[in-house]
Amino acid sequence: MARRSTIPALLASAVSMSLLFSACTSSNSSEGNKASSAPTTAQMTPGATTKTLAPYKLSMYIPAAGAPADLKLVNEEISNYLKDKINATFELNVLAWADWQDKMNLKFASSDAFDLIWTVAWDNFTTKIQQGSLIDMTALIDKFAPDAKKIINPALLEGSKINGKNYSLPVNKELGSQRGIMLRKDLVEKYKIDITQIKSMSDLEPVFQMIKEKEPKVTPLYINKDSNVVYTLNVANFDGNLMRNATDFKVVNMLETAEYRKSLDLARKWYLGGYVNKDAATLTDMMSGLKSGKAFSFFEWLKPGKDAEVSTSIGVDWVQVPLTQPLIATSDTTGSMVSISRTSKDPERAAMFLNLLYTDKKLLNMLAFGIEGKHYAKVEGKNDVIDFPKGVTAQTSGYNLNQGYMFGNQFNDYLWANEDPAKWDKFKSFNEKAETSRLLGYNFDQSSVKNEMAAITNVKKEFEPGLVTGTLDPNEILPKYIEKAKSVGQEKVYAEQQKQIDEWVKTKGKK
């Protein structure tokens, strides 16, 4: 569940932790992807060069907080760069997180032509494959992206396979995932809060109480239905559908566990205590609240240096505090990927672009950070360290996308001036120290229970926002949630999951 800048992390936490129940703005111009009478990439002879290729317009879709103001300028810069590389122009299309799933589902349903899409396990990755929306890239990678294949951590390539095939290229980045909390740095310093003493949720409560009393205009804990107490504790307590501290492979109904109930009770206690924002159950845009200084803290997926990344993205300084032990799960190997759409008119060219994205440092950083001199500037005397140009801030930059985790080889990303120079070394250490999930490599095939999964997802949407934010009383609502989930086939889904896990355990020789 890797993954990630602030907004995607907030969304990812919700969906990834609801795998029990669910895994359980510019439109692309069709003109750019029209077939050409000139040779396509697929028609290249072994000795041919990219200069023999017909011009082609590549289009890619990603989600973000919103489309950057200078997106067109960056697309033009990348297009100019790609012309001599693979005779292609490029259009990055950025959709708001709130619109992402609906708009991309509509594009697939309408068979709109485009080439590349950011994919992730929690965003119905396997369903997209089953529906034929994403193509098998295995042969394309070998032929047109061999350099990328050599760079990517083998665990990421292997773990992201579905039925032995690669339907994506995973971003080369951290392997493990860890849940924690971000605290506003100025208030941490003002009240001399010792973050080394914060080890658990209970350690946060007196801090929240102090902020509530001394900073009445600041919300101690800023949450919504996608990022909250419950989903953070779920990471600590559950490994997929298994108890994280168990040694067997028994699927559990999370809703009926004591651990889940305790997390709901804590969420309710904090909501009634005035620690969280009252609009948590309905809030969709957390970014505006974080940027405006309304929040003292919010939950986040962590990795080394995540606080510096988030500080640059939001324009407010934060410090990070881990609350769970890092874990390497299958979802982490599929935590950030790029796939090729079935509607691509030239999948081979798309694969060539991806090969460049993993090997060409200039291209990668243009996509991640924009145009040098306009959106970032190299820091004199420091290799590959950048900052905002003079007079530009995180709030005023026309391209502060800052979502490098979505693209290529993240170890080639420039470092912001506020980041740790040893960041990438710490990434490697983080990966080495992470716990390995007992289900690493297992993927649930939903095809036999897809109707039940859809129904369970609808039930989840009905009950969870109020429950997980503490807005509703679990004494009253949780029994109704459990009953309704079972009525639409939850137990059938669990039985199928148990069956598949048992078979997987036998095949893998697990103990």
Side-chain angles (χ1 to χ4, degrees), residues 27-30 32-36 40-44 50 53-63 75 78 82 85-95 100-101 103-121 123-149 151-152 156-157 160-172 333-360 363-364 367 406-409:
S27 63
N28 178 60
S29 168
S30 60
N33 277 339
K34 282 182 179 177
S36 170
T40 64
T41 311
Q43 295 169 328
M44 287 177 64
T50 56
L53 294 171
Y56 185 73
K57 180 179 179 181
L58 287 161
S59 61
M60 179 176 182
Y61 279 81
I62 67 166
N75 281 335
I78 293 174
L82 288 177
K85 299 285 184 179
I86 55 174
N87 200 19
T89 55
F90 181 75
E91 182 179 55
L92 178 67
N93 300 274
V94 180
L95 302 179
W100 172 251
Q101 291 184 336
K103 288 192 174 182
M104 291 313 300
N105 287 341
L106 182 59
K107 289 190 72 66
F108 282 123
S110 304
S111 294
D112 288 352
F114 69 97
D115 300 287
L116 299 159
I117 177 175
W118 180 73
T119 47
V120 62
D123 190 18
N124 299 314
F125 177 58
T126 55
T127 300
K128 287 184 175 73
I129 294 170
Q130 291 163 0
Q131 292 172 340
S133 297
L134 309 177
I135 68 171
D136 175 5
M137 296 169 57
T138 310
L140 287 171
I141 292 169
D142 287 338
K143 186 173 182 180
F144 296 103
D147 302 314
K149 185 176 181 179
I151 288 171
I152 299 169
L156 289 168
L157 269 175
S160 59
K161 286 182 177 179
I162 303 296
N163 296 325
K165 298 177 181 179
N166 287 111
Y167 290 86
S168 67
L169 270 182
V171 175
N172 200 41
T333 65
T334 53
S336 185
M337 307 170 288
V338 176
S339 298
I340 299 177
S341 168
R342 64 172 172 79
T343 61
S344 171
K345 300 300 183 183
D346 196 341
E348 296 83 6
R349 197 82 60 101
M352 291 174 68
F353 170 80
L354 290 177
N355 196 53
L356 284 174
L357 204 54
Y358 285 81
T359 57
D360 191 310
L363 173 64
L364 174 67
L367 188 56
M406 287 187 174
F407 310 120
N409 179 19

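Excluded from the calculations below are hydrogen atoms, water molecules and symmetry mates; all remaining heavy atoms, backbone and side chain alike, are included. Residue numbers count from 1 along this sequence.
Atom CG of L95 and atom CH2 of W100 lie 6.0 Å apart (nearest 0.5 Å). In this structure, OG in S344 is found 6.5 Å from CD1 in I135, a value given to the nearest 0.5 Å. We find the CD1-CG distance between I78 and L367 to be 4.5 Å, quoted to the nearest 0.5 Å. Residue Y61 holds its OH atom at 9.5 Å from NZ of K103, rounded to the nearest 0.5 Å. Separation of atoms CG (L363) and CG (L356) is listed at 6.0 Å; rounding is to 0.5 Å. Here OG of S168 is found 10.5 Å from CG of D136. Values are rounded to the nearest 0.5 Å.
Without hydrogens or angle criteria, S59 side chain to E91 main chain gives no donor-acceptor distance under 3.5 Å. Distance alone, capped at 3.5 Å, is enough to place a donor-acceptor pair between the R349 side chain and the I86 backbone. The closest donor-acceptor contact from the side chain of N355 to the backbone of D147 lies under 3.5 Å. Under a 3.5 Å cut-off, the side chain of N75 and the backbone N or O of L92 do form a donor-acceptor pair. With hydrogens and angles ignored, the 3.5 Å screen pairs no side-chain donor or acceptor of S160 with any backbone N or O of T334. No donor-acceptor pair closer than 3.5 Å links the side chain of D115 to the backbone N or O of A350.
Side-chain contact between L82 and T89: absent, with no pair of heavy atoms (C-beta onward) separated by less than 4.5 Å. With contacts defined as side-chain heavy-atom distances shorter than 4.5 Å, the pair P347/M137 does not qualify. M352 places none of its side-chain heavy atoms less than 4.5 Å from the side chain of Y56. No side-chain heavy atom of M104 sits less than 4.5 Å from a side-chain heavy atom of D123. A 4.5 Å side-chain heavy-atom check between I340 and L116 finds at least one atom pair inside the cut-off.
Take S110 and apply the side chain to side chain donor-acceptor pair (under 3.5 Å) test, not counting sequence neighbours, and it matches no residue. Remark: Y358 engages no residue in a ring-ring contact (aromatic ring centres under 6.0 Å, His included) (not counting sequence neighbours). Not counting sequence neighbours, N105 has no partner by the side chain to side chain donor-acceptor pair (under 3.5 Å) test. When the side chain to side chain donor-acceptor pair (under 3.5 Å) test is applied to N172, the partners found at least two apart in sequence or on another chain are N409. Under the ring-ring contact (aromatic ring centres under 6.0 Å, His included) criterion, F90 pairs with F353, sequence neighbours left out. For K128, there are no side chain to side chain donor-acceptor pair (under 3.5 Å) partners two or more places apart in sequence or in a different chain. For S341, the side chain to side chain contact (heavy atoms under 4.5 Å, CB included) partners at least two apart in sequence or on another chain are F108, F114, T343. Every residue meeting the side chain to side chain contact (heavy atoms under 4.5 Å, CB included) condition with D142, not counting sequence neighbours, appears here in chain and number order: K149.
The two residues T333 and L156 have their closest heavy-atom pair at CA-CD2, 3.7 Å. Minimum interatomic distance between W118 and I62 (heavy atoms only, all atoms of both residues): CB-CG2, 4.0 Å. Taking each heavy atom of S336 and M406 in turn, the nearest pair found is OG-CA, 3.6 Å. Considering all non-hydrogen atoms of both residues, I162 and Y167 come closest at O-CE1, 3.8 Å. Looking at every heavy atom in both residues, N87 comes nearest to A54 through ND2-C, 3.5 Å. A pairwise comparison of heavy atoms in I129 and L134 identifies CG1-CD1, 4.2 Å as the closest pair.
Just one of T119, L169, V171 meets the side chain to side chain contact (heavy atoms under 4.5 Å, CB included) condition when paired with M337; it is T119.
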Q.
For a side-chain contact (heavy atoms from CB on, under 4.5 Å) check, start with the C-alpha distance between L53 and D346, then their side-chain angles and the critical distance, and finish with the verdict.
A. CA-CA 11 Å; L53 294 171; D346 196 341; 5.7 Å; no

